[in-house]
2 protein chains.
Amino acid sequence: MAAKEGYILERQAGHLLRRAHQRHSAIFQEKIGDVQLTPLQFAALVKLRDVTEVSQNHLGRLTAMDAATMQGVIKRLASRNLIKRRPDPDDRRRLIVSLSSEGYELVNTLVSSGNDITAQTLEPLCPAERKQFLDLLAKLAQLSSNDASE
Amino acid sequence: MAAKEGYILERQAGHLLRRAHQRHSAIFQEKIGDVQLTPLQFAALVKLRDVTEVSQNHLGRLTAMDAATMQGVIKRLASRNLIKRRPDPDDRRRLIVSLSSEGYELVNTLVSSGNDITAQTLEPLCPAERKQFLDLLAKLAQLSSNDASE
DNA sequence: CTAAACTTGTTTGTACACCAATCAACTATA
DNA sequence: TATAGTTGATTGGTGTACAAACAAGTTTAG
């Protein structure tokens, strides 16, 4: 019959994560929205800057996007000529992606805003809390095994 | 000109929030997926259980969804007869929503799973860290002014 | 060898969430 | 009682996520 068991929405991890994410998105929008990049698109560009060249799928692993999501992100970035795609000569299933010079330049100008965004997101916390929070969050974000070698 | 300024994706608040959210969604799915409710639908039902009757828009404020999102959630819940809608006699713009008896019963059976979901989401942390984390997260989740009276 | 089973990379279809813009109904002001 | 401003709900468009499909590569048993 289950009479009203307690459940406080405002104390649920999922609800709070969602709201924190909303706030972060708003900040992201404010800082980077001008260039019409989404957080995922930005993540893909930044990671590509680090690794130079990878298969689409592998990039997905590096940025925590599933393959289908990655393909959409890549498609939109490619249509704006921010990245290049070419087939892998050794494996015809693979599409190798890399930054275009235009993309490379754009990422470099945005990276500092990227750092600002995290700073502003954590702004309600004192410095000690910020580190604490990121550490705890990192523990919670572990999904399964990580990337691989390539 | 900007030569490679540092930016570690894995330490950005947004990226970690997103991954934590992904993990939470997976847990939610595992625990509640059988009944085909999304986290937002569940939040709406649970909140409706608390307040009995509110306008659609106001429910959105209580659950941190914007009006457009709320309307989609309500529509889907109504199509499954989990909630009822009726016009507000005092304000013809408003739609007053409330749980159907079916919806009420469903929420009651799911609330304990809801609590499990948060527990399992926070499972990688020790009890002290859990409280810490939720407190910090709540600070970050503050957007602007809250609801209102009605 | 080579055919079957399995794995991995990419794409397609669908549902959902979010924003911006719109329209309708209420409120305040002059 | 007009007019401007505000609030409730809806619509359309974009982006993300999951599941399923398909194609290419690898492994294993005959």
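These values consider heavy atoms only, across backbone and side chains, with no hydrogens, waters or symmetry-generated copies. Proteins get letters first, then strands, A, B, ... in listed order; numbering begins at 1 in each.
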Closest listed nucleotide, where the reference is the side chain of B:A67 and the choices are C:dT10, D:dT10, D:dA17: D:dT10
Gap between atoms CG and C1', on A:L95 and D:dA23 respectively (whole Å): 13 Å
Upstream residue (5' side of DNA chain C) when A:S25 and A:K75 are each assigned their closest nucleotide: A:K75
Sugar-phosphate only, base, or nothing, as touched by A:R18 at under 4.0 Å among non-hydrogen atoms: sugar-phosphate
Sugar-phosphate only, base, or nothing, as touched by B:R76 at under 4.0 Å among non-hydrogen atoms: sugar-phosphate
Under-4.0 Å side-chain N/O to phosphate OP1/OP2 contact, B:T38 with C:dA17: yes
Nearest-0.5 Å distance that lies between atom CG in B:L106 and atom CG in B:L99: 9.5 Å
Nearest non-hydrogen partners of A:A44 and A:V73, listed with the distance: CB-CG1, 4.1 Å
Between NE2 on residue A:H15 and CZ on residue B:F42, distance to nearest 0.5 Å: 12.5 Å
Taking only nitrogen or oxygen atoms into account, show me every contact under 3.5 Å that the protein makes with nucleotides 24-26 of chain D, one pair per line with its distance.
| residue | atom | partner | partner atom | Å |
| --- | --- | --- | --- | --- |
| D:dA24 | N3 | A:R93 | NH1 | 3.3 |
| D:dG25 | OP1 | A:R92 | N | 2.8 |
| D:dG25 | OP2 | A:R92 | NH2 | 3.3 |

A:Q71 side-chain N/O to C:dT11 phosphate OP1/OP2 under 4.0 Å: yes
Heavy atoms of other groups near A:E30 CD, more than 12 under 6.0 Å: yes
Donor + acceptor pair across side chains of B:R49, B:N108 (<3.5 Å): yes
Side chain of B:A68 - closest among C:dC19, C:dT12, C:dG9: C:dC19
Pairwise 5' ranking along DNA chain C for A:Q29 and A:Q56, keeping only the more 5' one: A:Q56
Passing candidate, side-chain contact (heavy atoms from CB on, under 4.5 Å) with B:I96, options B:Q56, B:E53, B:R85: B:E53
Pairwise 5' ranking along DNA chain D for A:D66 and A:Q41, keeping only the more 5' one: A:Q41
Candidates C:dT12, D:dG8, C:dA17 - which lies nearest the side chain of B:T69: C:dA17
